[in-house]
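Note that this is a predicted model, so its numbers are computed, not measured. FYI, the numbering just counts along the sequence from 1.
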Amino acid sequence: MLNLEQYRQQFPALSNKAYFNFGGQGTMSEAALSAIYQAYKKTQTDGPFGLKINAWLQEEVADTRAAIAAELGVTPETITLTENVTVGCNIALWGINWQPGDHILLTDCEHPGIIAAVGEIARRFQVEVSTCPILATLNAGDPVAAIAAHLQGNTRLVVISHLLWNTGQLLPLGKIVELCHNHTPKPVKILVDAAQSVGSLPLKLSELKADFYAFTGHKWLCGPTGLGGLYVRPEVREELQPTFIGWRGITTKKALPQGWKTDGSKFEVATSAYPQFVGLRTAIAIQQKWGNSEERYQQICQNSEYLWQRLQEIKLLNCLLSSPPEAGLVSFQLANIAHQKFVKSLEDRGLLLRTIADPDCIRACVHYFTSTAEIDQLVTVIKELLDGNC
């Protein structure tokens, strides 16, 4: 395993700050930045459009799809390359043949972008939407039972996050998928917002069997913005129809469309910023140099437990989770102090965190290469600010 300090030197964003915002956007390495630049330079040197460069770009697309698939424990043909999580979720949401009276079940911890998309589907297609109270199961209760209690006979889709972006709760996705697929009178499909899980959790999606799993490369994978993906379970790919349509998703004969591609590219549209693909693949390779996904996850959990334990020392602070987190998100609340102002004070001192609106809290994210010195620095500054009544 690489020396931590030497490894951290690869990331420019770590040189002058203590970074705790991986759940918003990860820190890119010099190698990933360089790979993107070199790819852009190559396309201009060889000519941005031509037989040679087009063949190279197609190889880069295939290699990137394969690298992502390997991280997720699936085959490359199950992966659709998208811009981000929200695009992936929208592909799944709008590709279902909705009928009036169908029902979608959300949890009360989903991202507002996804809630808005579901709301528009409800408006256009007269689909019913209800919300399951997952937040109440944070420290006690059974999230599987909570979802079971809110499934209806007309439920067609459950929309849920694997790792909740606001509280840091890790949901038992395998059990939830089993519940949905065994639901009577008919099975229920499940769409997973994986914004916080890909790059932080060790994953084997072929075993989890979620129908749709939407993710991004710019958070925990520490890749460039503008590139993510959607896993579609092979058994449901054919019935999911494309909403946005372009040359990458169709087959042609004499320049005329003949049908859809039979793999994940069915839901892709047209020209992308292909050098970003090289950047993401480089970012994934750098993570694998440190350790495999299970080793990285164990270190994330060690770091989050250490932060959680140190935060227990602060009297005016309350962590949302009553036990150490099962991933890298540590959310906490301060008594009688405006969280937004407090986060601004932290950033003025070189510590980057963020606020969450619901529940009202501050979120700190630790990765496998977060140092104990950074965590200690954060705790020290929080204590100093509270003593000064920031």
Side chains of [X] and [Y], heavy atoms from C-beta outward: is any pair under 4.5 Å?
{"X": "Val127", "Y": "Arg156", "value": "no"}
{"X": "Arg233", "Y": "Lys189", "value": "no"}
{"X": "Leu334", "Y": "His339", "value": "yes"}
{"X": "Leu151", "Y": "Leu179", "value": "yes"}
{"X": "Tyr274", "Y": "Thr43", "value": "no"}
{"X": "Asn90", "Y": "Val87", "value": "no"}
{"X": "Glu295", "Y": "Tyr368", "value": "no"}
{"X": "Val159", "Y": "Leu93", "value": "yes"}

Is there a chain of hydrophobic side chains (I, L, V, M, F, W, Y, each step under 4.5 Å between heavy atoms) that links [X] to [Y]?
{"X": "Tyr231", "Y": "Phe244", "result": "no"}
{"X": "Ile250", "Y": "Val232", "result": "no"}
{"X": "Ile160", "Y": "Leu230", "result": "no"}
{"X": "Leu203", "Y": "Ile300", "result": "yes"}
{"X": "Leu4", "Y": "Tyr19", "result": "yes"}

Regarding [X] and [Y], does a basic nitrogen lie under 4.0 Å from an acidic carboxylate oxygen?
{"X": "Glu60", "Y": "Lys42", "result": "no"}
{"X": "Arg237", "Y": "Glu77", "result": "no"}
{"X": "Glu178", "Y": "Lys175", "result": "no"}

Main-chain N/O of [Y] paired to [X] side chain as donor or acceptor, under 3.5 Å:
{"X": "Trp165", "Y": "Cys109", "result": "yes"}
{"X": "Thr216", "Y": "Gly228", "result": "no"}
{"X": "Gln258", "Y": "Leu256", "result": "yes"}
{"X": "Lys219", "Y": "Gly23", "result": "yes"}
{"X": "Ser29", "Y": "Ala32", "result": "yes"}
{"X": "Gln312", "Y": "Gln309", "result": "no"}
{"X": "Ser161", "Y": "Leu163", "result": "no"}
{"X": "Ser34", "Y": "Glu30", "result": "no"}
{"X": "Ser331", "Y": "Asn166", "result": "yes"}
{"X": "Lys17", "Y": "Ala13", "result": "yes"}

**Request:** Kindly confirm or rule out a cation-pi arrangement of Arg296 over Trp290, judged by NZ or CZ under 6.0 Å from the six-membered ring centre and within 45° of its axis?
**Result:** no

Return the [atom1] to [atom2] distance between [X] and [Y], rounded to the nearest 0.5 Å.
{"X": "Leu191", "Y": "Cys89", "atom1": "CG", "atom2": "SG", "result": "4.5 Å"}
{"X": "Leu321", "Y": "Glu326", "atom1": "CG", "atom2": "CD", "result": "8.5 Å"}
{"X": "Asp108", "Y": "Ser130", "atom1": "CG", "atom2": "OG", "result": "11.5 Å"}
{"X": "Ile96", "Y": "Phe125", "atom1": "CD1", "atom2": "CZ", "result": "11.0 Å"}
{"X": "Thr82", "Y": "Leu227", "atom1": "OG1", "atom2": "CG", "result": "7.0 Å"}
{"X": "Leu351", "Y": "Ile375", "atom1": "CG", "atom2": "CD1", "result": "11.5 Å"}

**Request:** Please assess Lys344 against Glu347 for the test salt bridge (charged side-chain N to carboxylate O under 4.0 Å, His left out), listing each intermediate value before the final yes or no.
**Result:** CA-CA 5 Å; Lys344 173 64 167 56; Glu347 185 159 334; over 6 Å; no

Pairing donors with acceptors under 3.5 angstrom, does anything connect the side chains of [X] and [Y]?
{"X": "Arg248", "Y": "Ser272", "answer": "yes"}
{"X": "Gln288", "Y": "Glu71", "answer": "yes"}
{"X": "Thr107", "Y": "Glu110", "answer": "yes"}
{"X": "Gln298", "Y": "Gln302", "answer": "no"}
{"X": "Asn54", "Y": "Gln58", "answer": "no"}

**Prompt:** For Glu313 and Lys383, what are the C-alpha separation, side-chain angles and deciding distance, and is it a salt bridge (charged side-chain N to carboxylate O under 4.0 Å, His left out)?
**Reply:** CA-CA 9 Å; Glu313 303 169 6; Lys383 289 179 178 179; 2.8 Å; yes

Of all the heavy-atom pairs spanning [X] and [Y], show the shortest one and how long it is.
{"X": "Ile190", "Y": "Cys180", "value": "CD1-SG, 4.4 Å"}
{"X": "Tyr297", "Y": "Leu201", "value": "CE1-CD2, 3.5 Å"}
{"X": "Leu353", "Y": "Ala364", "value": "CD2-CB, 3.6 Å"}
{"X": "Val129", "Y": "Ala122", "value": "CG2-CB, 3.7 Å"}
{"X": "Gly26", "Y": "Cys222", "value": "CA-SG, 4.1 Å"}
{"X": "Gln276", "Y": "Tyr40", "value": "OE1-CE1, 4.3 Å"}

**Request:** Tell me whether the centres of the aromatic rings in Phe11 and Phe369 are closer together than 6.0 Å.
**Result:** yes

Neighbour count >12 (heavy atoms, 6.0 Å) for atom [atom1], [X]:
{"X": "Leu51", "atom1": "CG", "value": "no"}
{"X": "Lys209", "atom1": "NZ", "value": "no"}
{"X": "Lys253", "atom1": "NZ", "value": "no"}

**Message:** Going by the rule ring pair (Phe, Tyr, Trp, His ring centres under 6.0 Å), which residues pair with His218 if we only count those two or more places apart in sequence or in a different chain?
**Reply:** none

**Message:** List the residues meeting ring pair (Phe, Tyr, Trp, His ring centres under 6.0 Å) with Tyr306, not counting sequence neighbours, and say none if there are none.
**Reply:** none

**Request:** Evaluate the salt bridge (charged side-chain N to carboxylate O under 4.0 Å, His left out) criterion for residues Glu384 and Arg349: first the C-alpha distance (whole Å), next the side-chain angles of each, then the deciding distance (0.1 Å), finally the verdict.
**Result:** CA-CA 11 Å; Glu384 290 175 353; Arg349 295 193 178 206; 2.9 Å; yes

**Prompt:** Given Trp220, which of His367, Gln196, Gln287 fulfils the side chain to side chain donor-acceptor pair (under 3.5 Å) condition?
**Reply:** Gln196

Name every donor-acceptor pair, under 3.5 Å, that has one atom in a side chain of residues 132-146 and the other anywhere in the protein, sequence neighbours excluded.
{"residue": "Thr137", "atom": "OG1", "partner": "Ile134", "partner atom": "O", "Å": "2.7"}
{"residue": "Thr137", "atom": "OG1", "partner": "Gln169", "partner atom": "NE2", "Å": "3.3"}
{"residue": "Asn139", "atom": "OD1", "partner": "Ser322", "partner atom": "N", "Å": "2.8"}
{"residue": "Asn139", "atom": "OD1", "partner": "Ser322", "partner atom": "OG", "Å": "3.0"}
{"residue": "Asn139", "atom": "ND2", "partner": "Leu320", "partner atom": "O", "Å": "2.8"}
{"residue": "Asp142", "atom": "OD1", "partner": "Val144", "partner atom": "N", "Å": "3.0"}
{"residue": "Asp142", "atom": "OD1", "partner": "Ala145", "partner atom": "N", "Å": "3.4"}

**Prompt:** For the residue pair His162 and Tyr213, does the interplanar ring angle fall in the parallel (under 30°), tilted (30 to 60°) or perpendicular (over 60°) class?
**Reply:** perpendicular

